[in-house]
Amino acid sequence: MYPYDSMSYNEQISLPEFLREKLFSQYGEELTEKIRQGYLARRRVSLRLNPLKGDRNATLDELNAAGLSPEPVSWYRDAFTLSKARESDVRSLKSYEDGRIYMQSLSSMLPPLILSPKPDTDILDMAAAPGGKTTQIAALCGNKCRITACERNAARAERLRYNIAKQGVGCAYVMLIDSRQLNSGFSFDSILLDAPCSGSGTLTASELCKGHFTNTLIKKSSETQRALLTKALELLKPGHEMVYSTCSILAEENEDVVGRVISKSRAEVVKLDDAWLGELPLLPVKLPGTVCVCPDADYEGFFIAKLRKLPN
Ligand code: SAM
């Protein structure tokens, strides 16, 4: 018996029954309700200033002059939320057209920050389109790293190329490839695997109720995620670190994938304990040291794990 059975139809905004059951068994009654409220929340628009292009203060002045009142985000100098704006307001700005800003959810900015990419290193972005994180990695390195950005869908790879050019990224090479097929002869100093997933953390309540969000999708996603993560650990240099992330809040796509793959590889979880992570709305995790963000009015649901490949 689930706790919402006595509620009205509107209060339920019927999450698919199988999802409600999964959330209930993973998080319990109170958090399932909090997550449901998060799905219903109207998310604030957020963006990232692009340090590779234009003058920061001039761009902020432009946003203020347009009445969008950007509010800084405590844990990332380049991140801003816009309580008063819709996405279409941002798209009509010259700074958006010029690539001086990139519209990106706050949660989606976390994996590159946690990866903490360094200049003069070889970085693999295994599932890169449309390029929010590729362009952020380049920005964090001041365009001074070498990024191999992989994408298996041709149309999305075109979008990735477009965003890379628009954001002034000069250090990324796009490969149209299924990353599971990457040649084992490659090796990288750091890797981001922002894995394809069911989207259980980012979809709105109504999207979750559409037919394509199914148990089969979750199962298929977790198989692909395991294969991609196994490949990532193969390509990572021993002693180096990578980040695995998804926009799902289901353990099947997160802790279970990481736990299963590292049990078969020479790798370990690197504990995420930076003080600033305490400012995020976090959900409990099954795998200590990983982080799962609860969907709400500011954040999409997101999972992040940092892994280290053990030295030979
Ligand atoms: N990292 C991206 C960003 O920040 O803009 C979002 C990535 S999205 C979650 C996952 C992407 O991985 C999709 O564009 C999808 O087409 C791509 N993809 C799925 N399976 C893949 C595979 N086996 N190899 C490479 N790309 C894949």
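In each ligand, atom 1 is the first atom listed, and ligand 1 is the first ligand listed. None of these values were measured; they are calculated from a predicted model.
Taking the centre and axis of the six-membered ring of Y27, the NZ or CZ atom of K34 falls outside the cone set by 45° and 6.0 Å.
Contact atoms of ligand 1 toward M126: 25 (C), 26 (N) (distance under 4.0 Å to a heavy atom of the residue). Every atom of ligand 1 with a heavy atom of G131 under 4.0 Å away is listed here by number and element: 3 (C), 5 (O). Those atoms of ligand 1 with a heavy atom of D178 less than 4.0 angstrom away are 22 (C), 23 (N), 24 (N).
At a 3.5 angstrom cut-off on N or O pairs, G132 counts as close to ligand 1. Taking any N or O of S179, backbone or side chain, at least one lies under 3.5 Å from an N or O belonging to ligand 1. An N or O contact shorter than 3.5 Å is missing between L228 and ligand 1 by distance. Taking only nitrogen or oxygen atoms, main chain and side chain alike, N153 does not reach within less than 3.5 Å of ligand 1. Residue contacts with ligand 1: C150 is placed with no nitrogen or oxygen under 3.5 Å of a nitrogen or oxygen of the ligand (distance criterion only).
The pair D125-K133 fails the salt-bridge criterion, with no side-chain N (NZ, NE, NH1 or NH2) lying under 4.0 Å from an Asp/Glu carboxylate O. Salt bridge annotation for E252-K219: absent, with no cationic side-chain nitrogen under 4.0 angstrom from a carboxylate oxygen. A salt bridge between R161 and E158 is present, with a side-chain N of the basic residue lying under 4.0 Å from a carboxylate O of the acidic one.
Nearest-residue assignment for atom 15 (C) of ligand 1 (options R152, E151, R180; heavy-atom criterion): E151. The nearest non-hydrogen atom to atom 8 (S) of ligand 1, considering only S108, A129, P196, comes from A129.
Side chains of L47 and Y96 form no contact here, defined as non-hydrogen atoms less than 4.5 Å apart.
For the residue pair K220/S222, the side-chain donor-acceptor check at 3.5 Å is not satisfied.
Using a non-hydrogen distance threshold of 4.0 Å, Q104 does not register as a contact of ligand 1.
Residue contacts with ligand 1, taken as heavy atom pairs separated by less than 4.0 Å, involve A128 solely via the backbone atoms N, CA, C and O. With a 4.0 Å heavy-atom cut-off, ligand 1 is reached by the side chain of R156 but not by its N, CA, C or O. Only the backbone of I177 comes within 4.0 Å of ligand 1, judged by heavy-atom distances.
The protein heavy-atom contact nearest to atom 12 (O) of ligand 1 is A127 CB, 3.2 Å. Among protein heavy atoms, the minimum distance from atom 1 (N) of ligand 1 is reached at D194 OD2, 2.8 Å.
In this structure, NZ in K144 is found 13.0 Å from OG1 in T121, a value given to the nearest 0.5 Å.
The aromatic rings of F303 and Y244 sit perpendicular, their planes meeting at an angle over 60°, well past the 30° parallel limit.
Shown here are the side-chain contact (heavy atoms from CB on, under 4.5 Å) partners of P51, two or more places apart in sequence or in another chain: D78, A139.
By the criterion of side-chain heavy atoms lying less than 4.5 angstrom apart, applied directly or through intervening Ile, Leu, Val, Met, Phe, Trp or Tyr residues, L307 is grouped together with L228 in one hydrophobic cluster.
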